[in-house]
Amino acid sequence: MNGRTENETGNISLLGNHNVSYRMDYAPEVLETFPNKHRENDYFVKFNCPEFTSLCPITGQPDFATIYISYIPDELMVESKSLKLYLFSFRNHGDFHEDCVNIIMKDLIRLMKPKYIEVWGKFLPRGGLSIDPYCNYGMPETKWEKLAWERLARHDMYPETINNR
C-alpha cells in the first residue's frame, strides 16, 4: 500500500478496494483498524455521519440522523471507509435511537479500546419529536474515566441552535 508497511497501515483491506459490497444487515465485522502513530499525543478524532439511517423496531419506518463520533485513540484507530460501511449496515437494522448509539459506541470500544469515546445521535423528528441520545466511555481507572463522567454531567447544557430539522 504505497510503500507503507503493515506496521504503519494495519490490516486495512477496504480502503482503495473498488469491489466492496455495501452490507444491508448490521455488520460490525467490517470495521478495520490501523496503528496510532502518535501515541505520545492525546488528541480527538471526530467523525460526522449526516446520512445515518436505521429502522424503527416497531413500525419498520426509517429513522434519519446525524451521528457524531469523537474519540481519543490509544494504540488503534478506526479506518474511515470501514466505519462508513459499518454505519451503512444499520440501514435495515431495527433498533431504537438510544440502542443504535450505544451499539455503535460498544462496537468501537471492542474494536480499538480507545482512551475515551462519545457517540451522539441527532435524529430527525417523527411525529413532531426528535430524540438526541448521547453516550460516552472513558478507560476505567484513568483520567479518561473521570473525563467521561464530567462530559456526561455537563452534556448539552448549552444546546446548539437547531436549524436543520
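Just so we're clear, the structure is a prediction, and the values are computed from it rather than from any experiment.
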| field | Any donor-acceptor pair under 3.5 Å from Asn136 side chain to Ile117 backbone | value | no

| said: Rounded to the nearest 0.5 Å, what separates atom CE in Met139 from atom OH in Tyr116? | reply: 13.5 Å

| task | Check for a donor-acceptor pair, side chain of Ser130 on one end and backbone N or O of Pro125 on the other, with a separation under 3.5 Å. | result | no

| request: Starting from Ile58, walk the hydrophobic network (Ile, Leu, Val, Met, Phe, Trp, Tyr; side-chain heavy atoms closer than 4.5 Å) and list everyone else you reach, by chain and number. | output: Phe96

| field | Set of side-chain hydrogen bond (donor to acceptor under 3.5 Å, both in side chains) partners for Asp42, sequence neighbours left out | value | Lys115

| Between Asp74 and Arg39, does a side chain to side chain contact (heavy atoms under 4.5 Å, CB included) hold up when you go through it step by step? | CA-CA 6 Å; Asp74 191 11; Arg39 287 191 62 208; 3.2 Å; yes

| Do you know which two heavy atoms are closest between Pro50 and Thr66, and how far apart they sit? | CA-OG1, 3.5 Å

| said: Just verifying a value: how many Å separate Ile109 CD1 and Asn102 CG, rounded to the nearest 0.5 Å? | reply: 9.0 Å

| remark: Residue set satisfying ring-ring contact (aromatic ring centres under 6.0 Å, His included) with Tyr86, at least two apart, ordered chain then number -> Phe90

| Rounded to the nearest 0.5 Å, what separation is found between the CE atom of Met77 and the CZ atom of Phe34? | 4.5 Å

| said: Strictly by salt bridge (charged side-chain N to carboxylate O under 4.0 Å, His left out), give each pair with a member in residues 54-70 just once, sequence neighbours left out. | reply: Asp63-Arg126

| said: Go through it in stages, so that I can follow the logic: the residues are Leu31 and Leu108, the test is side chain to side chain contact (heavy atoms under 4.5 Å, CB included), and I'd like the CA-CA distance, side-chain angles, deciding distance and then a yes or no. | reply: CA-CA 8 Å; Leu31 288 166; Leu108 291 172; 4.2 Å; yes

| Residues in side chain to side chain contact (heavy atoms under 4.5 Å, CB included) with Phe47, at least two apart? | Val45, Ile69, Tyr71, Val78, Ser80, Leu83

| message | So, taking the atom named CG in Leu76 and the one named CD in Glu32, what distance separates them when rounded to the nearest 0.5 Å? | response | 12.0 Å

| request: Output all residues satisfying ring-ring contact (aromatic ring centres under 6.0 Å, His included) with Tyr137, sequence neighbours left out; order by chain, then residue number. | output: none

| said: Going by side chain to side chain contact (heavy atoms under 4.5 Å, CB included), name the residues that satisfy it together with Cys49, two or more places apart in sequence or in a different chain. | reply: Phe52, Ile67, Leu87

| message | Set out, in order, the CA-CA distance, both residues' side-chain angles and the distance that settles side chain to side chain contact (heavy atoms under 4.5 Å, CB included) for Tyr68 and Val119, then state yes or no. | response | CA-CA 6 Å; Tyr68 298 96; Val119 179; over 6 Å; no

| message | Arg110: which residues meet the salt bridge (charged side-chain N to carboxylate O under 4.0 Å, His left out) condition with it, sequence neighbours left out? | response | Asp107

| Does the side chain of Thr53 reach to within under 4.5 Å of the side chain of Phe88, using non-hydrogen atoms? | no

| remark: salt bridge (charged side-chain N to carboxylate O under 4.0 Å, His left out) filter on Asp95, not counting sequence neighbours, yields none

| query | Rounded to the nearest 0.5 Å, how far apart are CG of Leu85 and CD of Glu79? | reply | 8.5 Å

| task | Would you indicate whether Glu98, at its atom CD, is surrounded by more than 12 heavy atoms from other residues, nucleotides or ligands within a distance under 6.0 Å? | result | yes

| Contacts of His97 that satisfy side-chain hydrogen bond (donor to acceptor under 3.5 Å, both in side chains) - sequence neighbours left out | none

| field | Spacing of SG belonging to Cys100 relative to CG belonging to Leu55, to within rounding of 0.5 Å | value | 9.0 Å

| said: Apply side chain to side chain contact (heavy atoms under 4.5 Å, CB included) to residues Met112 and Asn36 and explain how you reach the verdict. | reply: CA-CA 10 Å; Met112 59 182 172; Asn36 177 7; over 6 Å; no

| request: Mind running salt bridge (charged side-chain N to carboxylate O under 4.0 Å, His left out) on Glu75 and Lys113 for me, showing each step along the way? | output: CA-CA 8 Å; Glu75 293 182 23; Lys113 299 174 183 60; over 6 Å; no

| said: Considering only residues two or more places apart or on different chains, which pairs with a residue in residues 140-149 satisfy side chain to side chain donor-acceptor pair (under 3.5 Å)? | reply: none

| task | Using modelled atom types only, decide if a donor and an acceptor are shared between the side chain of Asn41 and the backbone of Tyr43 within a distance under 3.5 Å. | result | no

| Test item: Pro133 and Phe123 side chains (from C-beta on) under 4.5 Å apart, heavy atoms | yes

| query | Hey, is the main chain of Ala27 close enough, under 3.5 Å, to the side chain of Ser89 for a donor-acceptor pair? | reply | yes

